[in-house]
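Here the structure is a predicted model, which is why all the values come from computation and not from measurement.
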Number of protein chains: 2
Amino acid sequence: MKYSKIPEATIRRLSRYSRCLEEMEQAGEEVVSSAQLATRCMVNAAQVRKDLAYFGEFGIRGVGYYVKDLHNDIKKILGSNKEWRMALIGIGNLGSALLSYKDFLKQNYKIVAAFDIDPPKVIGRVSEKLGKPVEVLHINHLKEVARERRIEIGLITTPPSEAQVVANLLVEAGVRGLLNFAPTQIVVPEGFMAKDVFFTTILDNLAYLLSNP
Amino acid sequence: MKYSKIPEATIRRLSRYSRCLEEMEQAGEEVVSSAQLATRCMVNAAQVRKDLAYFGEFGIRGVGYYVKDLHNDIKKILGSNKEWRMALIGIGNLGSALLSYKDFLKQNYKIVAAFDIDPPKVIGRVSEKLGKPVEVLHINHLKEVARERRIEIGLITTPPSEAQVVANLLVEAGVRGLLNFAPTQIVVPEGFMAKDVFFTTILDNLAYLLSNP
DNA sequence: TTCAATTTGTGACCCCTTTCACAAAGGATG
DNA sequence: CATCCTTTGTGAAAGGGGTCACAAATTGAA
Ligand SMILES: NC(=O)c1ccc[n+]([C@@H]2O[C@H](COP(=O)([O-])OP(=O)(O)OC[C@H]3O[C@@H](n4cnc5c(N)ncnc54)[C@H](O)[C@@H]3O)[C@@H](O)[C@H]2O)c1
Ligand SMILES: NC(=O)c1ccc[n+]([C@@H]2O[C@H](COP(=O)([O-])OP(=O)(O)OC[C@H]3O[C@@H](n4cnc5c(N)ncnc54)[C@H](O)[C@@H]3O)[C@@H](O)[C@H]2O)c1
């Protein structure tokens, strides 16, 4: 079962399992069955087992899974056992909210550089929000700083008209993962990964469901 | 073809088509083929036609689709031809970013009320961001105000520990659509719709793809 | 040691979504 | 009006993901 194409949905669910296991671990629970985990994550128990089966055998028949071990294994699979170094580009309303998003830290995602096209304009609002002032650099320095600080993921929170421009800069700087919050589809070359977060698509979805009960 | 269950993926794509058509309309393009639209949205041409076929016949064989008409038809299908009245609960970092999110307005989503558990604390930072000061109400008034202002969608941007509490209040107030930004799965009764926006799930996804090239 | 109870891992089945391929329909041209 | 070209709409086939059901493994008690 180990070596086949992994459904993207499986990866999304693993992320959910990981969050649940985190909570269980903190609650001191030591063993969990696929049925229990499934209930908490609102999925089918066979689904849990099948998702895990893509990557190996983690359970003990008749017993279940050791919470701590399974959590570690899933983090290893997802790649969230390491620290991911991120850059944030566009320190406006959304950008400065993300700068102070505590869950990033908790989950080993760390913003290690912030860029804007007009740093003096934004420096005030950013320092105000956090305990210590944040260094906002000019976008012109992206390439050198990205290499220096070994940045692996770029968060794009510029206006939509600039999103592809910034994406190109990130690609040039060798940043392989891009997460785009602007409402434009961005395109990246082979070997790079871009994901879009479209708020209004989700809203449209909700609106459709409300309109067609 | 008209009356069958509509895949959720189809609805998501319709939202993409709508955005593209918006751009084309503004660019003055009058006619578009399924192949052209497909290329722009990075999907298969047959997929475009099949998605539309769920709802009727909108094209002209040998010609294509009239941009303006198709855009209107899709907006009607999605329910985005009407104005949606929303409440925002939790005016912290993310909440105040959303308050000033211009795309909401452009797409007929309107925040008509803002709530927090401590309005005096947040009023400053909100007024600063927008031209005119925003009225932030105490969460205790949610129920009455929701009815008064005919609120249909609630945006939850409180800490995760409060998300379900707020969700329950919204349900009680008869708000049928919920969009939750806190990293906790919220549960709502039959007849209500809740969607979660998990930033870190998307990041986990990206991290996985970067770890397993 | 044997047997009952529990829970995993997985083959087989089913359903939903996507893609393919082509007939049907409309437009343009002479 | 006839012919050719383009593009839609859709039945059929392919593909992928989810669910079911059961054999295999493990524990614990008789
Ligand atoms: N505000 C929200 O809640 C929200 C929600 C979802 C999506 N978005 C999207 O996120 C993006 C940012 O939204 P916002 O409200 O923060 O806008 P904003 O105007 O407040 O911030 C944009 C920032 O990007 C900077 N910028 C512009 N061009 C740049 C460039 N080439 N390089 C570097 N920095 C540049 C600007 O100086 C500004 O500080 C937009 O695309 C928006 O559609 C915003
Ligand atoms: N900051 C981000 O960029 C970001 C990104 C993604 C998700 N989130 C999530 O969004 C939520 C808000 O994040 P934030 O950074 O804005 O936090 P925050 O602490 O800045 O804001 C939370 C706000 O909610 C208010 N609040 C608390 N309990 C309430 C209640 N019962 N009723 C009404 N209001 C209440 C608080 O007074 C505060 O103003 C969190 O769940 C966070 O995990 C934040």
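Note: CD1 (Ile11(A)) to C1' (dG17(D)) measures 14 Å, nearest angstrom. Atom pair Phe58(A):CZ and dT26(D):C1' shows a separation of 19 Å (rounding to whole Å applied). Between Asn44(B) atom CG and dG9(D) atom P the separation is 15 Å, expressed in whole Å. What separates CG of Leu70(A) from P of dT7(C) is a distance of 16 Å, to the nearest Å. The distance from atom CD of Glu57(B) to atom P of dT7(D) is 18 Å, rounded to the nearest whole Å. Computed from coordinates, the Ile6(B) CD1 to dT18(C) P distance equals 12 Å when rounded to whole Å. Rounded to whole Å, atom C1' of dT27(D) lies 17 Å from atom OH of Tyr65(A). With rounding to whole Å, Tyr54(B) atom OH is found 18 Å from dT8(D) atom P.
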What string of B, S and - do you get for nucleotides 22-30 of chain C, 5' to 3', when a contact is any protein heavy atom under 4.0 Å? --BBSS---
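Between Gln47(A) and dT19(D) there is a side-chain polar atom (N or O) within less than 4.0 angstrom of OP1 or OP2.
Looking at the side chain of Lys5(A), the nearest of the listed nucleotides dT8(D), dG16(D), dT17(C) is dG16(D). Comparing dT7(C), dT8(D), dT10(C) by their nearest atom to the side chain of Ser34(B) picks out dT8(D). Comparing dT10(C), dT10(D), dT8(C) against the side chain of Ala46(B) picks out dT10(D) as the nearest.
Backbone-only contact: Ala9(B) has heavy atoms under 4.0 Å from sugar-phosphate atoms and none from a base. No engagement by Thr10(B) is indicated, since no non-hydrogen atom pair under 4.0 Å with the nucleic acid exists.
In this structure, Gly64(B) and Arg13(A) both approach DNA chain D, and ranking their closest nucleotides by distance from the 5' end singles out Gly64(B). Ranked by how close their nearest DNA chain D nucleotide is to the 5' end, Glu8(A) and Ser33(B) are led by Ser33(B).
The two residues Arg19(B) and Thr201(A) have their closest heavy-atom pair at NH2-OG1, 3.2 Å.
Under the salt bridge (Lys or Arg N to Asp or Glu O under 4.0 Å) criterion, Lys68(A) pairs with Glu25(A), sequence neighbours left out. Residues passing the side-chain contact (heavy atoms from CB on, under 4.5 Å) test with Ala167(B) are Ile156(B), Gln164(B), Leu178(B), Ile186(B), sequence neighbours excluded. Annotation: side-chain contact (heavy atoms from CB on, under 4.5 Å) contacts of Gln47(B) (sequence neighbours excluded): Arg13(B), Tyr17(B), Asn44(B), Asp51(B). In this structure, the side-chain hydrogen bond (donor to acceptor under 3.5 Å, both in side chains) partners of Arg149(B), at least two apart in sequence or on a different chain, are Glu135(B).
Between the side chain of Lys50(B) and the base of dG11(D), a donor-acceptor pair under 3.5 Å is found.
A donor-acceptor contact shorter than 3.5 Å is absent between the side chain of Thr10(B) and the backbone of Ile6(B).
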Could you go through residues 202-213 of chain A and list every donor-acceptor pair under 3.5 Å that involves a side-chain atom there, pairing it with any protein atom two or more places apart or in another chain?
{"from": "Asp204(A)", "atom 1": "OD1", "to": "Tyr109(B)", "atom 2": "OH", "distance (Å)": "2.6"}
{"from": "Asp204(A)", "atom 1": "OD2", "to": "Ser15(B)", "atom 2": "OG", "distance (Å)": "2.7"}
{"from": "Ser211(A)", "atom 1": "OG", "to": "Ala207(A)", "atom 2": "O", "distance (Å)": "2.7"}

